[in-house]
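Heads up: the structure comes next, in structure tokens.
Predicted model, so just to flag it, every value in this text is computed and none were measured. Just so you know, these numbers use all the heavy atoms, side chains as well, and skip hydrogens, waters and symmetry mates. Protein chains get the first letters and strands the later ones, always in sequence-line order, with residue 1 at the start of each.
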Amino acid sequence: MAIAHEFNYERPQSLHAAMELKDSYRNSALIYAGGTDLVVNIKEGMLKPELLIDIKDIPELHKLCLDNGTLYIGAAVTFMELIDTDFVEQACQMLHDAAKTVASHGVRSRATLAGNICSAVPSLDSATPLLCYDAVVHCQSLEGTRNIPIGDWFLAPRKTAIKDNELVTGISLKIPKEQNAGVYLKLGRYGGEDLAQAGWGIWLNNAKQYRIAHCALAPTPKRAFAIEALLNGKELSPELIQTAIALLDEEIKPISDIRSGKEYRMHVSGVMLKRGLYAAKDRLDGKIVEPAKLLGGI
Amino acid sequence: MKEISFMLNSELRSVSVEPNEVLLDVLRDKLGVKSPKCGCERGDCGACTVLLDGKAVRSCLVLAVEAENHSIITVEGISVEKLSALQEAFIQFNSFQCGYCAPGIILAVTELLQAHPKPTLEQIKESIAGNLCRCTGYTPIFDAIMALTKEEGK
């Protein structure tokens, strides 16, 4: 099937040229990187752009570096690059876990983290590490730069805080200096490629501070602040975790869809929270954890 | 219409494309390369897998115009003079029945073996987790790859 909708395609060689195009076309131009969501949405008639602005020739958008404790991920960096880069795994294992669960190998070769958060679907695996690490989304337009905290980024399903003349140039995460560890658990219907039925990102440090985020369990990915507040300063124990699980009712708002019922999502979130907390603690203690094996190893 | 040139199976090819043409259609209908198959057309099944600059990608989700100045390899390109060792192993182990998924799986595994000549079963499963085969149940595919990569170690 060819794409029925007709559009123009530009491949600007500089960020400035890309911003000029975006500024003149506004909402009728879409930023194009991996295309793994965009092409599907155009094929299915959900999006009808006049222009696609391919940003892959803009050198600075391919930047991926760890400088002074800040992990910077340019807008054109693919999930495969994140997975294959050692300093990403060392600095932010939760992000590395989440990147490995996105779709399949052939999609991760093209799909980008920035594109993922711009698609902003509720089941966004990569949002949980970004939320736990208080990431900042860097947006640029001819008017200037805006640095948007990830907590303010997701407004509704498929809706973000970006303006119609802006493009995302990169995302940065502050890597805490103290000893810390994180893990991302994703439950799909089977071991292969699937969207999340539920996803939980869990982080803690040696001062017993906790950061917890979830996806596929509410209209947007979110931090679970009430659970964090309960856990902060406390040693994990079966009783404490039971109390945390009891808070799920107010923390998440799952729906029933093709992948699972809301009752199942509610139940399995308790299981995932418990196993995720222990797994993060294990990593903090230097043990090797394989997140894919924590939920039945399918 | 835009005239683009790119390396297709180590040969420089030129073709005129509209911005809304996907690479899969251009390869099959304009350039006569029929090994990439059209399955789901939304990136789920892997039947249209090709190697873009050495990396396995979904050609149904790549715009043809993007291929300009890049390199595309299909199954035709890895078996110019004779079948690759991987293809021979697939024949030996009867790894396919209908064969619709075969080009995609062969390319995905070709990429894997370049990076990991001796992959674990887990790595093999992960590399083709997005390539659906509805005939074999995958076991003969895994067996062929495991046997081939063990043999090479002798």
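Annotation: cation-pi geometry not satisfied between A:Lys48 and A:Phe7 (NZ/CZ under 6.0 angstrom from ring centroid, within 45° of ring axis).
Counting heavy-atom pairs closer than 4.5 Å to chain A, the top-ranked of the candidates B:Glu66, B:Arg58, B:Lys125 is B:Glu66. By number of non-hydrogen pairs under 4.5 angstrom with chain A, the leading residue of B:Val62, B:Asp29, B:Thr49 is B:Val62. Between chain B and the residues A:Arg108, A:His105, A:Arg110, the largest count of heavy-atom pairs under 4.5 Å involves A:Arg110.
One finds no salt bridge joining A:Arg158 and A:Asp37 here, because no Lys/Arg side-chain nitrogen approaches an Asp/Glu carboxylate oxygen to under 4.0 Å. Remark: B:Arg42 engages B:Asp44 in a salt bridge, criterion side-chain N to carboxylate O under 4.0 Å. Comment: A:Arg26 engages A:Asp23 in a salt bridge, judged by a side-chain N to carboxylate O separation of less than 4.0 angstrom. Between B:Glu21 and B:Lys30, at least one side-chain nitrogen of the basic residue sits less than 4.0 Å from a carboxylate oxygen of the acidic one, meeting the salt-bridge criterion.
Only the backbone of A:Lys100 comes within contact range of chain B, with at least one heavy atom under 4.5 Å from a heavy atom of that chain. Contact of B:Glu126 with chain A is made through backbone and side chain together, with heavy-atom distances under 4.5 Å. Proximity to chain A (any heavy atom under 4.5 Å) is restricted, for B:Glu111, to the side chain, taken from C-beta onward. In this structure, chain A has no heavy atom under 4.5 Å from any part of B:Ile128. Proximity to chain B (any heavy atom under 4.5 Å) is restricted, for A:Leu52, to the side chain, taken from C-beta onward. A:Ala4 touches chain B through its backbone: at least one of N, CA, C or O sits under 4.5 Å from a heavy atom, while the side chain does not.
In the displayed structure, B:Lys34 atom NZ is contacted under 6.0 Å by more than 12 heavy atoms of other residues, nucleotides or ligands. Heavy atoms from other residues, nucleotides or ligands lying under 6.0 Å from CD of A:Glu6 number 12 at most.
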